[in-house]
S.K.: 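This is the structure, below, for whatever I ask next.
Nothing here was measured: the structure is a model prediction, and the numbers come from that model. Residues take their numbers from the sequence shown, with the count starting at 1. First listed ligand is number 1; within each ligand, the first listed atom is number 1.
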Amino acid sequence: MDSNIIDFAAFPRGTDTDRQSVAESLVNGLKNNGFVSLTNPGFPDDATSDYLKLAIDFFSLSHSAKMKAFGVPGPRPQRGFGAVGQERTAKHRKENLTGHDSWDKLKDEREYFDMGPPEDLEFPNVWPDEADIPGFRRRMESYWNMFEDVALQIISAIEMGLGLPPNALMARCRPSTGELRMNHYPSVSLETLAKGEIKRTWPHVDLGVITLLIQDTVGGLEIADIGQGSPENPSFVAVEPRGNGTKVNVVLMVGATLQRWTNGLLPGTLHQVSLPAPMRQQRNGDCPERFSGAFFLKANKSASVAPLEQFITSEQPVVWDNMSALEFTKRMVEQLY
Ligand SMILES: O=C(O)CCC(=O)C(=O)O
Ligand SMILES: [Fe+2]
């Protein structure tokens with residue numbers, strides 16, 4: 001895998017030639033490596049580090065304060081707080097069961113908070129008490145808009161890089177039902193992780209269109225190397241918080257919806273959260289706590305998750321069911337608990 005870092009600055013601001021060049025490198029990176037790391041994705045200075053600081057503030061609340069924003073598990077878009085072990089990412093991938101006798105034992109050692117569009121009345125957000133964490137709701141709503149703006153710019157770039165007419169993907173995204181998440185991985189003993197039933201996050205593909213992922217400096221995010229390994233035994237490569245001395249602001253991943261829209265041309269990014277690279281040879285001790293943030297750009301609720309006609313050929317027929325993006329979310333989320 002090459003360094004796979006793309007400077008996105010020229011896409012929103014450059015000439016047509018610059019924009020085309022960024023768009024093509026982005027799509028080639030997604031096709032060949034399954035993800036890309038972006039510098040200058042378009043966030044205001046310090047926004048991503050401030051977002052991670054807000055995550056620290058939220059997860060430092062008492063359990064009872066966090067539970068005031070509890071997100072009831074169910075077949076619907078995820079909202080609110082989920083305690084450690086509640087979401088079972090392992091269940092999204094049948095290969096994760098290999099060598100284990102029950103799904104119930106495969107757990108993710110992480111807690112999380114999810115919010116959907118600020119104005120969503122059908123699946124409203126749930127919030128902690130303002131008195132417990134003043135300004136949390138206001139700041140999250142503003143971050144949601146910030147992440148959505150950048151994600152939609154990236155959709156324009158992907159559209160261009162794929163040679164699609166303008167709006168071909170955008171029309172299925174807007175108004176988006178994106179979800180902004182914060183993750184906290186508590187400190188966990190290496191002995192617990194070595195048993196193989198509990199992971200920080202089990203291998204999975206996110207279900208939205210694209211994911212923008214930000215992480216603190218602990219490390220541990222790993223992405224399957226396309227072309228290496230097999231579905232039963234993927235070959236994971238660490239995606240360090242900073243690459244080649246360059247400040248990488250965001251990791252861009254392909255979700256299951258975009259994989260479907262492109263009929264598999266852009267493969268869904270298989271990823272997991274494992275030990276930070278320097279701890280791999282260690283047997284004893286604790287893996288330090290870690291924080292990350294993700295924006296899952298999700299399609300308009302009524303958009304289809306079927307491939308665009310441009311990607312359907314006799315060699316590459318459609319292999320997935322057609323349904324609305326909302327139905328797809330419900331089916332996938334239902335499997336997670
Ligand atoms: O924490 C990370 O780096 C990845 C989190 C993740 O995969 C997710 O929230 O879907
Ligand atoms: Fe993920």
S.K.: Would you mind running through ligand 1 and noting each atom that sits below 4.0 Å from a heavy atom of R181?
M.R.: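 By the 4.0 Å cutoff, the relevant atoms are 9 (O).
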
S.K.: In this structure, does ligand 1 have an atom that sits under 4.0 Å from one of the heavy atoms of R290?
M.R.: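 Contact present.
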
S.K.: Taking a cutoff of less than 4.0 Å between a non-hydrogen atom of the residue and any ligand atom, is Q272 in contact with ligand 1?
M.R.: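 Judged by the 4.0 Å heavy-atom criterion, Q272 does not count as contacting ligand 1.
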
S.K.: Is Q215 in contact with ligand 1, taking contact as a heavy-atom separation below 4.0 Å?
M.R.: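 In this structure, Q215 fails to qualify as a contact of ligand 1 - no heavy atom is under 4.0 Å.
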
S.K.: Would you kindly say whether N96 and H204 are connected by a side-chain donor-acceptor distance under 3.5 Å?
M.R.: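 On atom types as modelled, these side chains do not qualify, holding no pair under 3.5 Å.
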
S.K.: For Q86 and E111, test the side chains for any donor-to-acceptor distance below 3.5 angstrom and give the result as yes or no.
M.R.: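 There is no such pair (donor and acceptor under 3.5 Å, judged by atom type) between the side chains of Q86 and E111.
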
S.K.: Working to 10°, measure the angle at the Fe ion (ligand 2) formed by atom OD1 of D206 and atom NE2 of H204.
M.R.: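 With the Fe ion (ligand 2) as the vertex, the angle is close to 90°.
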
S.K.: Using a strict cut-off of 4.0 Å, indicate which atoms of ligand 1 neighbour a heavy atom of N183.
M.R.: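 Taking each heavy atom of N183 in turn, ligand 1 has 1 (O), 5 (C), 9 (O) under 4.0 Å.
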
S.K.: Does Y112 have a heavy atom less than 4.0 Å from any atom of ligand 1?
M.R.: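 No, Y112 has no heavy atom closer than 4.0 Å to ligand 1.
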
S.K.: Would R76 pass as a cation-pi partner of F123, given that its NZ or CZ must be under 6.0 Å from the six-membered ring centre and within 45 degrees of the axis?
M.R.: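 Judged by the rule (NZ or CZ under 6.0 Å from the ring centre, within 45° of its axis), R76 is not positioned above F123.
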
S.K.: Under the criterion ring-ring contact (aromatic ring centres under 6.0 Å, His included), I'd like the reasoning laid out for F113 against F136: C-alpha separation, chi angles, the key distance, then a yes or no.
M.R.: CA-CA 12 Å; F113 177 86; F136 183 73; 5.3 Å; yes

S.K.: With nothing but distance in play, are any N or O atoms of D206 less than 3.5 Å from an N or O of ligand 1?
M.R.: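 For ligand 1, there is an N or O atom that lies under 3.5 Å from one belonging to D206.
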
S.K.: Return the option from E179, E87, R110, H184 holding the heavy atom at the smallest distance from atom 8 (C) of ligand 1.
M.R.: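 Residue with the shortest heavy-atom distance to the ligand atom: R110.
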
S.K.: Return the closest protein heavy atom for atom 4 (C) of ligand 1 as residue, atom name and distance.
M.R.: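 Protein heavy atom at minimum distance: V273 CG2, 3.6 Å.
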
S.K.: Is the shortest distance from a Lys or Arg side-chain nitrogen in E179 or R79 to a carboxylate oxygen in the other one below 4.0 Å?
M.R.: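 A salt bridge links E179 with R79.
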
S.K.: Does any non-hydrogen side-chain atom of D57 lie less than 4.5 Å from one of I133?
M.R.: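 A side-chain contact exists here, since the closest heavy-atom pair is under 4.5 Å.
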
S.K.: In terms of side-chain geometry, is the basic nitrogen of K199 or E109 positioned less than 4.0 Å from the acidic oxygen of its partner?
M.R.: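 No, no charged N to carboxylate O under 4.0 Å.
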
